[in-house]
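Numbers for residues simply follow the sequence, beginning at 1. Every value quoted in this text rests on a predicted model; they were computed, and no experiment measured them.
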Amino acid sequence: MLRTSTPILAPIREKVEAGERLSFDDGLLLYDPQVPLPELGELANLVRERKNGNAAYYNINTHLNPTNVCVYRCTFCAFRADLRDKKSYWMNDEQVLARGQEAVNNGCTEMHIVGGLHHQAKYEWYRKVISLLHEAYPELHLKAWTPVEIDWFERLTKQPLRWVMEDMIDAGLGSMPGGGAEIFHPEVRSQICEHKADSGRWFETHRTAHELGLRTNCTMLYGHVEKPFHRIDHLIRLRELQDETNGFQTFIPLAFHPDNTGLSHIKKPTGPEDLRTMAVSRLMLDNIPHIKAYWIMLGIGTAQIALSYGADDIDGTVRHELIYHDAGAETPEMMTVADLRRLIEEAGREPIERDTLYRRVERSEAGWEAGAAIGSN
Ligand code: V47
Ligand code: SF4
């Protein structure tokens with residue numbers, strides 16, 4: 001039995017206890033400042049523990065952003081560069097392979113690969129990033145590209161979506177990260193990323209990925225020009241695709257970081273705002289097994305508290321992160337496994353290493369193996 005007592009929360013509390021789905025209006029109410037954050041957290045924690053018990057998952061991973069040169073100019077992005085900018089770069093094969101070697105030397109099970117859309121790069125170069133790494137390091141899971149990149153590849157190849165996805169899978173693509181989602185509602189999308197793949201393309205790509213047997217993640221970028229209404233709309237759209245395909249593994253709410261962006265006048269969300277969005281996400285996305293508190297983005301203290309506000313995963317060791325650090329993140333560039341485990345234990349949870357597909361990782365002198373699947377819908 002829960003301790004929650006605020007009267008306006010009572011009908012929602014009853015639904016959550018009974019395992020019933022929350023409506024659009026319920027979601028909006030959860031953003032009402034009259035709903036006390038601790039009570040919201042308690043409800044989200046009920047769902048979190050129902051699905052994942054006391055476990056908190058992490059992985060050993062690294063990032064690769066093969067170029068930062070990008071044809072688009074999303075107003076929230078501090079990572080992109082023009083070719084003439086001093087900070088612009090475009091990796092060659094040796095640099096890509098060196099990152100793979102470094103990842104394997106450090107026990108990584110996953111490489112997260114996304115980047116800019118370089119106007120001079122051919123599709124074959126993007127494909128080769130995947131095939132080179134996959135052939136040299138087949139044990140390293142490649143979680144790569146967002147629908148924004150896949151949409152670009154369709155234009156470069158003049159081939160349909162399914163062809164591009166199958167070709168990337170053939171090259172070694174193992175799953176897709178959740179980026180490029182931002183806020184789906186066109187009122188907001190037109191203000192922050194007008195030209196890139198729209199929500200229809202985003203969903204079509206994830207649906208196709210799921211049909212082809214890939215698992216994918218999903219995200220929401222919050223704390224810029226959107227209103228609670230747009231956030232709930234976003235979450236419900238994700239929930240609807242999940243009802244159809246069951247292909248999403250984890251949802252990651254991404255707090256906007258304003259430094260060096262076209263929206264630098266906006267203040268970064270506060271810790272309580274981050275925790276509210278974490279809890280609302282857990283409560284609305286009743287069919288997605290995991291909610292990730294991405295420590296790079298939240299900061300370590302808030303990520304620890306988030307493990308009792310709906311989150312059951314903190315992402316991984318993370319090496320070579322640029323997107324958040326270019327936008328002012330003050331978190332370390334990476335964490336050791338010992339640091340991650342301590343972070344989780346201090347928050348009162350049990351640390352469990354997982355691979356990208358949420359299987360328990362068993363380590364021995366010989367390397368690592370994926371064990372049983374963890375978590376439930
Ligand atoms: O799509 C870009 C966001 C995303 C900023 O799938 C920003 O496991 C805040 O998707 N402030 C990329 N956010 C990151 C991403 C991700 C991260 C961690 C794990 C996974 C996963 C996916 O980052 C972009 C955009 O929504 N972003 N710039 C910024 N200034
Ligand atoms: Fe380019 Fe992605 Fe940045 Fe948009 S968010 S400008 S698509 S790198």
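Listed by chain and number, the residues in a salt bridge (Lys or Arg N to Asp or Glu O under 4.0 Å) with R354 are D313 (sequence neighbours excluded). With sequence neighbours excluded, no residue forms a salt bridge (Lys or Arg N to Asp or Glu O under 4.0 Å) with R360. For F229, the ring pair (Phe, Tyr, Trp, His ring centres under 6.0 Å) partners at least two apart in sequence or on another chain are F24, H185. Listed by chain and number, the residues in a side-chain contact (heavy atoms from CB on, under 4.5 Å) with K128 are D93, S131, L132 (sequence neighbours excluded). Applying the salt bridge (Lys or Arg N to Asp or Glu O under 4.0 Å) criterion to R201, with sequence neighbours excluded, gives D151, E154, E204. With sequence neighbours left out, D167 forms a salt bridge (Lys or Arg N to Asp or Glu O under 4.0 Å) with R127. Every residue meeting the ring pair (Phe, Tyr, Trp, His ring centres under 6.0 Å) condition with W145, not counting sequence neighbours, appears here in chain and number order: Y126, F153. Evaluation of the side-chain contact (heavy atoms from CB on, under 4.5 Å) rule for E350 yields N54, I352 as partners, not counting sequence neighbours. Checked against ring pair (Phe, Tyr, Trp, His ring centres under 6.0 Å), W90 has the following partners two or more places apart in sequence or in another chain: H118, W125.
Residue pairs meeting the side chain to side chain donor-acceptor pair (under 3.5 Å) criterion with at least one member in residues 294-309, sequence neighbours excluded: Q304-E346.
Side-chain rings of H63 and H112 approach one another, their centers coming within less than 6.0 Å. In this structure, the ring of H290 has its center less than 6.0 angstrom from the ring center of Y57.
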Which donor-acceptor pairs under 3.5 Å do side chains of residues 271-281 form with protein atoms, sequence neighbours excluded?
| unit_1 | atom_1 | unit_2 | atom_2 | d |
| --- | --- | --- | --- | --- |
| E273 | OE1 | T270 | N | 2.9 |
| D274 | OD1 | Y222 | OH | 2.6 |
| R276 | NH1 | L30 | O | 2.8 |
| R276 | NH1 | D32 | O | 3.4 |
| R276 | NH1 | V35 | O | 3.2 |
| R276 | NH2 | V35 | O | 2.7 |
| T277 | OG1 | Y31 | OH | 2.8 |
| T277 | OG1 | R231 | NH1 | 3.4 |
| T277 | OG1 | E273 | O | 3.4 |
| S281 | OG | T277 | O | 2.5 |

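Between H206 and H210, the ring planes lie perpendicular to each other; the angle is over 60°, past the 30° to 60° tilted range.
Ion pairing between D82 and R84 holds under the 4.0 Å rule for side-chain N and carboxylate O.
Apart from V69 itself, the hydrophobic cluster it occupies contains L83, where clustering links Ile, Leu, Val, Met, Phe, Trp and Tyr at side-chain heavy-atom distances under 4.5 Å.
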